[in-house]
Amino acid sequence: MSKQNKQIKKKMSLFSAVMLALSSIIGSGWLFGSWEASKVAGPAAIISWVVGAIVIGAIAFNYIELGTMFPESGGMSKYAQYSHGSLLGFIASWANWVSLVTLLPIEAVAAVQYMSSWPWKWASWTHGFVQNGTITNLGLLVVFLFILIFTLLNYWSVDLLTKFTEMTSAFKIIVPLLTIILLLASGFHGSNFTGANTGGMGGFFPYGTAPIFAATTVSGIIFSYNAFQTIINIGSEIENPKKNIGRGIIIALVISIIIYVMLQFTFVGVIDPDTLAKVGWHGIQFNSPFADLALLLNIHWLVILLYLDAFVSPFGTGVSFVASTSRTLAAMTENGHMPKFLGKINKKWGTPRIAMIVNWIISCIMVSIFRNWAVLASVISTSTLIAYLTGPVTLASLRKYAPEFKRPVKINLAKIMAPLAFVLASLAIYWAMWPTTIQVIIVILIGFPFYFFYEFKGGWEDSIKKLKGSAWMLFYLIFISGISYIGSTPFNGKNIIPYPLDFVVIIIASLGFFYWAVKSYQKTKNFDNAKELNDTVDEDM
């Protein structure tokens with residue numbers, strides 16, 4: 001009984017779950033996202049944050065039902081295989097894992113980049129960490145060390161993770177709010193939103209409407225909101241998952257949306273109009289965006305606070321995502337297509353330690369190849385969205401083919417929300433621009449040898465059925481790559497299909513792929529595992 005009580009104590013409360021999600025969401029995105037989005041869309045970047053919130057909100061809405069149906073660690077890596085077999089499950093989980101294992105280095109890169117611009121003489125040794133927005137070899141060693149620290153803070157139990165995230169989350173919310181208030185009070189220029197007194201910079205839409213959508217993916221906006229999945233992936237570790245999974249996601253997203261929109265409003269409003277008239281939004285260059293603004297406005301104590309937060313925010317997110325990334329990799333072993341030792345849980349601490357170590361190594365390799373914050377953000381966003389495509393499909397498929405499943409939370413208007421989320425995710429993938437789309441798809445295809453090796457070892461059992469369940473995804477990846485290449489100029493395409501006709505084509509095609517995907521439902525042995533897990537759910541909890 002005492003052992004059982006000990007396990008119960010390890011469960012996260014709603015407050016802890018929200019703090020964990022916020023600690024993940026408010027990371028390096030707030031330090032760089034507003035600046036990156038302004039360079040792409042100007043003042044209209046404010047709309048980009050709203051669009052990004054709508055995309056992620058629609059996707060998250062679907063996962064609330066799935067998360068309560070299957071409250072388990074690493075859940076988002078398993079749902080697709082429940083409804084369509086292990087091949088689709090592998091594609092979804094691999095894509096999701098690629099995004100997560102890339103997120104660890106991006107947070108470390110953010111901290112190191114802010115370090116590289118420390119203005120004090122005693123800190124001159126940090127100035128060689130970054131050159132032209134790219135991490136140097138010296139900076140890379142510091143990034144490796146930071147990722148190792150992220151990992152070690154998760155290495156010893158859920159309790160340590162919970163205490164760390166609760167402490168950092170409060171700080172991570174307070175500092176952005178202080179930044180908004182102090183910068184707005186020190187120098188706000190309403191003319192920046194209209195183009196008046198700034199050299200006629202095109203008003204609110206200096207580069208047209210298309211960059212609003214491009215900024216949503218390429219500027220790290222989708223990446224910034226993405227961390228809602230932290231709550232899904234630790235579903236089995238949350239108290240009263242029936243209520244708290246959905247509540248945690250909604251509360252965390254609402255708080256983060258308000259903060260991010262206000263940060264963008266602040267960034268646009270405090271830029272010096274004279275500077276803007278000379279270089280335009282495309283030409284605004286900062287090493288540490290908000291800290292540089294505070295320096296220009298002579299708010300020196302805020303500068304110190306921002307440099308401190310440049311450690312706390314990325315560290316909080318990095319630490320939180322070590323938990324999600326390790327559970328995602330561990331969960332991938334359960335479909336029989338990854339080495340079993342990766343899924344081993346340490347009995348004393350309850351953490352997948354081997355998966356954590358492997359993730360640290362892969363993260364170091366990823367950042368050695370991609371040493372730029374914006375590039376890493378694009379890779380994360382695109383791979384995540386590809387994984388997210390399967391959530392609405394699984395939801396609609398189980399509604400149709402497994403109506404008997406327990407659904408502690410049954411979302412309203414699922415027949416509308418599921419295809420809507422699929423379409424929005426497809427558009428956001430397109431917004432990542434060519435050639436990012438094809439590059440990420442190639443990274444996803446790199447995982448296929450693992451899948452086929454274990455299929456070979458298993459005697460190709462039900463391989464045809466698994467292929468039928470995932471054929472729609474394979475053709476979808478070909479389609480989205482092709483439309484990205486021949487799409488409109490604002491999204492780096494050949495302009496064979498101009499803007500906004502490209503959006504119309506994607507919407508119509510995506511709906512076709514969605515309904516094809518739902519009809520591709522396959523009942524495999526993974527479905528039996530899903531049924532067994534779902535039977536343990538208490539609908540009256």
Side-chain angles (χ1 to χ4, degrees), residues 17 58-93 96 228-229 231-250 327-328 331-332 334-336 387-422 425 462 465-466 468-470 472-473 514-541:
I59 293 169
F61 192 66
N62 289 265
Y63 278 100
I64 289 173
E65 178 169 320
L66 293 173
T68 55
M69 289 175 68
F70 310 109
E72 55 185 331
S73 293
M76 291 186 71
S77 296
K78 302 177 182 178
Y79 303 147
Q81 70 187 34
Y82 291 160
S83 58
H84 288 75
S86 61
L87 178 53
L88 184 65
F90 181 85
I91 294 171
S93 58
N96 193 39
F228 82 87
Q229 67 166 287
I231 294 179
I232 300 291
N233 282 326
I234 59 167
S236 64
E237 300 169 43
I238 298 175
E239 294 176 354
N240 192 2
K242 172 185 174 180
K243 294 181 179 180
N244 289 341
I245 288 178
R247 288 174 177 174
I249 291 173
I250 292 170
R327 285 166 176 78
T328 298
M332 287 172 66
E334 296 182 18
N335 68 6
Y388 283 162
L389 290 169
T390 61
V393 169
T394 295
L395 174 69
S397 298
L398 293 179
R399 281 284 188 100
K400 183 175 182 179
Y401 297 104
E404 75 281 3
F405 271 33
K406 297 177 182 178
R407 291 172 171 81
V409 176
K410 191 171 184 179
I411 66 171
N412 297 321
L413 303 174
K415 290 184 177 181
I416 296 175
M417 292 304 299
L420 175 63
F422 191 97
D462 291 331
K465 182 182 286 189
K466 296 169 185 175
K468 288 180 178 178
S470 59
W472 68 269
M473 173 62 89
F514 173 80
Y515 291 110
W516 177 13
V518 174
K519 289 184 178 180
S520 298
Y521 165 86
Q522 299 291 325
K523 187 173 182 179
T524 66
K525 63 180 182 181
N526 297 116
F527 178 86
D528 297 329
N529 296 335
K531 183 68 170 66
E532 184 178 343
L533 175 62
N534 185 252
D535 285 340
T536 66
V537 174
D538 183 2
E539 290 186 288
D540 299 322
M541 193 172 173

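Model, not experiment: these values are computed from the prediction.
Of all heavy-atom pairs between Ala80 and Ala92, the closest is CB-CB, 4.1 Å. Heavy atoms only, all atoms of each residue included: Gly67 and Tyr79 are closest at CA-OH, 3.5 Å. Between Asn62 and Ala418, the closest heavy-atom pair is OD1-CA, 3.2 Å. Nearest heavy-atom pair, Ile59 versus Ala425, reported as atom, atom and distance to 0.1 Å: CD1-CB, 4.0 Å. Across every non-hydrogen atom of Leu66 and Gly391, the tightest pair is CD1-O, 3.5 Å.
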Check step by step if side-chain contact (heavy atoms from CB on, under 4.5 Å) holds for Leu395 and Ile411. CA-CA 10 Å; Leu395 174 69; Ile411 66 171; 3.5 Å; yes

Begin from the C-alpha positions of Arg399 and Glu65 and carry the test side-chain contact (heavy atoms from CB on, under 4.5 Å) through to its verdict. CA-CA 11 Å; Arg399 281 284 188 100; Glu65 178 169 320; 2.8 Å; yes

In sequence, state the C-alpha distance, the side-chain angles, and the governing distance for Thr390 and Met473, and then conclude on side-chain contact (heavy atoms from CB on, under 4.5 Å). CA-CA 9 Å; Thr390 61; Met473 173 62 89; 3.8 Å; yes

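Within the 3.5 Å criterion, the main-chain N or O of Gly89 finds no donor-acceptor partner in the side chain of Lys78.
With sequence neighbours excluded, no residue satisfies ring pair (Phe, Tyr, Trp, His ring centres under 6.0 Å) with Tyr515.
Relative ring orientation between Tyr521 and His84 is described as perpendicular, the plane-to-plane angle rising above 60° on a 0-90° scale split at 30° and 60°.
Checking Phe527, Phe70, Tyr401 one by one against Tyr82, the ring pair (Phe, Tyr, Trp, His ring centres under 6.0 Å) holds for a single residue, Phe70.
Taken from CG in Asp528 to CG in Leu533, the straight-line distance is 12.5 Å, to the nearest 0.5 Å. In this structure, CD on Glu404 lies 9.0 Å from CG on Leu398, to the nearest 0.5 angstrom. Atom OG of Ser83 is separated from atom CD of Gln522 by 10.0 Å, given to the nearest 0.5 angstrom. Distance check: Thr68 OG1 to Lys410 NZ gives 12.0 Å after rounding to the nearest 0.5 Å. The CG atom of Leu389 lies 11.0 Å from the CZ atom of Phe514; values are rounded to the nearest 0.5 Å. The structure places NZ of Lys523 at 9.5 Å from NZ of Lys531, a figure rounded to the nearest 0.5 Å.
Side chains of Trp472 and Val393 form a contact here, defined as non-hydrogen atoms less than 4.5 Å apart. Inter-residue side-chain proximity for Ser86 and Thr524 is flagged as unmet; no heavy-atom pair is nearer than 4.5 Å.
Counted within 6.0 Å of CD on Glu532, heavy atoms from surrounding residues, nucleotides or ligands total 12 or fewer; the atom is thus considered open.
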